[in-house]
Amino acid sequence: MRVALIDDGVAPQVVPGLPEWNDLCVLEDGTIRHRRQDEPILTDHGTTSAQILHQYAPEAEICSLRIFSSLELRASVKQLAAALEWCWREKIPLIHLSLGTTLSSDYELLCPILAKLIRENQVVVAAHSNRDAYTIPACLMGVLGVFADPQLSGYQYVVRDAAGPEQVQIAASSRHILTGPTGRVYETQVTNSYAAPVVTAAAHELLRQHPPFSLNISEVYEGLAGRRVDISRSRPDFITE
């Protein structure tokens, strides 16, 4: 099953099984094309996220959508919107974002696209802001929003009801033992970016057990939790618009 990973790219030599047709770039004007060999991966952010996902869901077919092309890991909302729109057109079942925006002005462009994805039962997993700010898309009701719990490790996560104090409902481990490109073994840091891939891996394994696009977001939450889960938020997020 294809999993779109929207980030700064994935190093093919570190994450196996990334064919050229799944190694894409989103340009500033929203154009999407294959990543060229002269466009190096500048950080390990996307690659690390892909490694974590691959470690816990080795059969996932990762499709890399590179929207960051600088060390600052910044992109325009237009690039993010173009990547999400591409996922909708290509009918990607599962979309991973170890990123988000805290600008309320980005609502207008992103929410209609996210609403289309949610209506088609395409699952979006997104990391919450490490500054605990309201984050799009992580805080939207139809998204699997994730934050890191330092008490968890490896393939561990906890699904909570929406009535809790947190802005997102899933706590996950961001501490994972990985092997770098030089063979060095290390543990990842505690950050929401590296907690989200755990939930993406769990969602991948859940979706594989059902017909494509047959589970709505409530059923995905309940499948991950193994119980009924309340996802009704006390604040409006306008996703149903």
Pair E72-S70, side-chain donor/acceptor within less than 3.5 Å:
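E72 vs S70: donor-acceptor pair found between side chains.
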
[X] atom [atom1]: more than 12 heavy-atom contacts under 6.0 Å:
X	atom1	answer
R89	CZ	yes
E28	CD	no
R227	CZ	yes

Between [X] and [Y], which heavy-atom pair has the shortest distance, and what is it?
X	Y	result
N121	S214	ND2-C, 4.1 Å
W86	I32	CB-CD1, 3.4 Å
E205	A57	OE2-CB, 3.6 Å
T47	D8	N-OD1, 4.5 Å
V199	A172	CG2-CB, 4.0 Å
F213	P93	CE2-CA, 3.7 Å

Using a 4.5 Å cut-off on heavy atoms from C-beta on, say whether the side chain of [Y] contacts that of [X].
X	Y	answer
N22	R2	yes
V190	R175	yes
V123	L215	no
Q156	S153	yes

Mark yes or no for whether [X], through its side chain, and [Y], through its backbone, hold a donor-acceptor pair below 3.5 Å.
X	Y	answer
H45	D7	no
S49	P197	no
D161	D230	yes
Q122	C87	yes
Q79	I67	yes
S129	Y134	no
T135	A133	yes
Q209	L206	no
R66	D23	no
T188	H176	yes

Out of curiosity, does [Y] fall in the hydrophobic cluster containing [X] (side-chain heavy atoms, cut-off under 4.5 Å, transitive links)?
X	Y	result
Y157	I177	no
V198	Y186	yes
L99	L73	yes
I41	L65	no
V125	Y56	yes

Step by step, work out the side-chain contact (heavy atoms from CB on, under 4.5 Å) result for Q51 and D44.
CA-CA 10 Å; Q51 280 186 283; D44 62 358; over 6 Å; no

Residues that A127 engages under side chain to side chain contact (heavy atoms under 4.5 Å, CB included), provided they are two or more places apart:
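So A127 forms a side chain to side chain contact (heavy atoms under 4.5 Å, CB included) with N192, A196.
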
How far does [atom1] of [X] sit from [atom2] of [Y], to the nearest 0.5 angstrom?
X	Y	atom1	atom2	value
I136	L97	CD1	CG	12.5 Å
H34	L24	NE2	CG	5.5 Å
I52	S98	CD1	OG	7.5 Å
R160	Q169	CZ	CD	10.5 Å
L42	F68	CG	CZ	12.0 Å
C139	E166	SG	CD	11.0 Å

Could you go through I118 and V124, starting from their C-alpha distance and side-chain angles, then the distance that decides it, and tell me whether this counts as side-chain contact (heavy atoms from CB on, under 4.5 Å)?
CA-CA 8 Å; I118 293 165; V124 179; 5.6 Å; no

side-chain contact (heavy atoms from CB on, under 4.5 Å), that's the test. Do E219 and H210 meet it? Break it down for me.
CA-CA 11 Å; E219 292 167 331; H210 297 84; over 6 Å; no

side-chain contact (heavy atoms from CB on, under 4.5 Å), paired with L117, selected from I217, I95, I92:
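Among I217, I95, I92, the one that satisfies the side-chain contact (heavy atoms from CB on, under 4.5 Å) with L117 is I95.
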
Worked verdict on R33 versus L27 for side-chain contact (heavy atoms from CB on, under 4.5 Å)
CA-CA 8 Å; R33 59 163 171 76; L27 306 185; 3.7 Å; yes

